[in-house]
Amino acid sequence: MENFFLEETSKTPKLSFDVSTGKFLMSGRSIPENSIEFYKPLLEWLDEYIKKPCAKTEFDVKLEYFNTSSSKCLVEIFRRLEKIKGAEVVINWFYEEDDEDMQESGEDFKELIDIPIIMSVIEN
Amino acid sequence: MYRALDVQGFYEQFHSEDIIMSYNGNANGDLLNNLIHVAQAKLAQVEPKSSIRKRVFNILVEILQNIYHHYGQITIKDFPNKESITFVFAKTQANYYIVAGNFVLNEEIPALKEKIDLINALPAEKLKRVYIETLGNGVISEKGGAGLGLIEIARKSAGKLSYEFRLFDSHLSFFSLMVKIPADLPAAA
């Protein structure tokens, strides 16, 4: 299976999902009008990945902005990772020190998702 | 708890220098994209605090994309202005204001009104619960909306959503939504 990689655009994030190291990254902004269409290929890729995951999967989420339809897709992505059994999964949720909104979004996901979400401040 | 929004009165309360940008006319996906881009560039010029800039931009995107997702719902053939919108982005010393308006079918009004009134009636902590619940359970609609937009706007603006339905004819009304975002103080939880 191949790595999943997409360059960022003004409306969609960089996606870098490495199947051999289990290092996943989403960074930039996620404000497409149609988030489902954008994230569908990634969700399909994850359906394959979780069948044979790495011993440790580490997912860095470093978003500047995201719209509410992207937040639904993030839930879908996290739910895929929740299905991984017998291997470690951790999500690092990055936010800038004064960005209370992004911090709060991370806290919201913590309440919904049964995977450790580590809150990480990006030093300004 | 209907919050009357007098759009004309709203315009009149601003000095011309308060208006950051405004648009009035027909819209399509490209135009909404351009409005988002221009608003973002303007915001970078007027707002020094990155946290406020992000919050305002987020709300701008939700509001304009709400209009986008509403496209195609009005299928009345003989009404060329059905995709006409108004959009005003303004800043006073204390607050940012975003007003956006679009046509809605009269039959859509009760559900929309009920939804906004419900959001306005919830205290911040309850609004957070409803948001998290909707995020976890809601089904994404065909057009990409998740039913979260208005809740998110209310949470981030930390104020009540003001709105107005102005009857246009037997089929249509013009719906305007106004959001106020404090420019200096962080929003309450």
Side-chain angles (χ1 to χ4, degrees), chain A residues 9-13 27-40 42-43 61-80 82 93-115 117 121-124, chain B residues 28-30 32-33 36-37 40-41 49-71 124 127-153 155-158 181 185-189:
Chain A
T9 70
S10 64
K11 295 179 108 175
T12 58
S27 67
R29 49 183 62 184
S30 183
I31 53 169
E33 288 90 10
N34 193 336
S35 298
I36 315 171
E37 192 180 279
F38 176 76
Y39 283 106
K40 195 166 175 254
L42 177 66
L43 290 169
V61 184
K62 285 185 188 174
L63 290 172
E64 191 187 351
Y65 309 107
F66 57 92
N67 59 6
T68 49
S69 65
S70 294
S71 66
K72 294 293 296 185
C73 293
L74 276 170
V75 169
E76 291 299 314
I77 292 168
F78 296 155
R79 294 251 193 264
R80 296 296 195 284
E82 270 179 342
W93 185 270
F94 290 89
Y95 61 97
E96 287 182 3
E97 202 167 4
D98 61 347
D99 191 349
E100 288 171 35
D101 292 342
M102 195 53 80
Q103 182 180 4
E104 184 159 32
S105 294
E107 305 287 351
D108 291 346
F109 284 115
K110 266 187 170 181
E111 296 199 26
L112 281 172
I113 305 300
D114 198 15
I115 298 173
I117 298 181
V121 176
I122 303 168
E123 301 292 336
N124 282 322
Chain B
N28 56 39
D30 284 343
L32 289 171
N33 266 334
I36 288 174
H37 282 297
Q40 187 182 22
K49 274 188 83 177
S50 114
S51 55
I52 301 289
R53 211 159 54 221
K54 284 187 186 181
R55 177 175 292 164
V56 174
F57 183 67
N58 247 310
I59 295 175
L60 277 166
V61 168
E62 285 306 322
I63 286 179
L64 291 173
Q65 290 188 342
N66 258 352
I67 293 177
Y68 174 87
H69 290 305
H70 189 261
Y71 276 4
L127 201 56
K128 179 186 164 85
R129 300 316 322 162
V130 172
Y131 180 88
I132 292 172
E133 202 174 295
T134 311
L135 182 59
N137 302 330
V139 177
I140 308 179
S141 72
E142 287 277 312
K143 297 200 80 187
L148 279 170
L150 287 170
I151 305 174
E152 171 83 348
I153 292 163
R155 267 183 95 186
K156 290 216 163 123
S157 62
I181 309 140
L185 295 169

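Residue numbering restarts at 1 for every chain, and letters A, B, ... go by the order of the sequence lines.
- Heavy atoms closer than 4.5 Å to chain B are found in the side chain of A:Phe109, but not in its backbone.
- One finds no salt bridge joining A:Asp98 and B:Lys49 here, because no Lys/Arg side-chain nitrogen approaches an Asp/Glu carboxylate oxygen to under 4.0 Å.
- For the set B:Glu62, B:Glu152, B:His37, the entry with the most heavy-atom pairs within less than 4.5 Å of chain A is B:Glu62.
- Not counting sequence neighbours, the partners of B:Lys54 by the side chain to side chain donor-acceptor pair (under 3.5 Å) test are A:Asp99.
- Under the 6.0 Å distance and 45° angle rule, A:Arg29 does not count as a cation-pi partner of A:Phe66.
- In this structure, the portion of A:Leu112 lying under 4.5 Å from any heavy atom of chain B is its side chain and not its backbone.
- If you check the side chains of B:Gln65 and A:Asn67, you find a donor sitting under 3.5 Å from an acceptor.
- Comparing B:Leu32, B:Asn33, B:Asn58 by how many heavy-atom pairs each has under 4.5 Å with chain A, the most go to B:Asn33.
- Contact annotation for A:Glu37: neither backbone nor side-chain heavy atoms come within less than 4.5 Å of a heavy atom of chain B.
- Scanning for side chain to side chain donor-acceptor pair (under 3.5 Å) contacts around A:Asp114 gives an empty result, with sequence neighbours left out.
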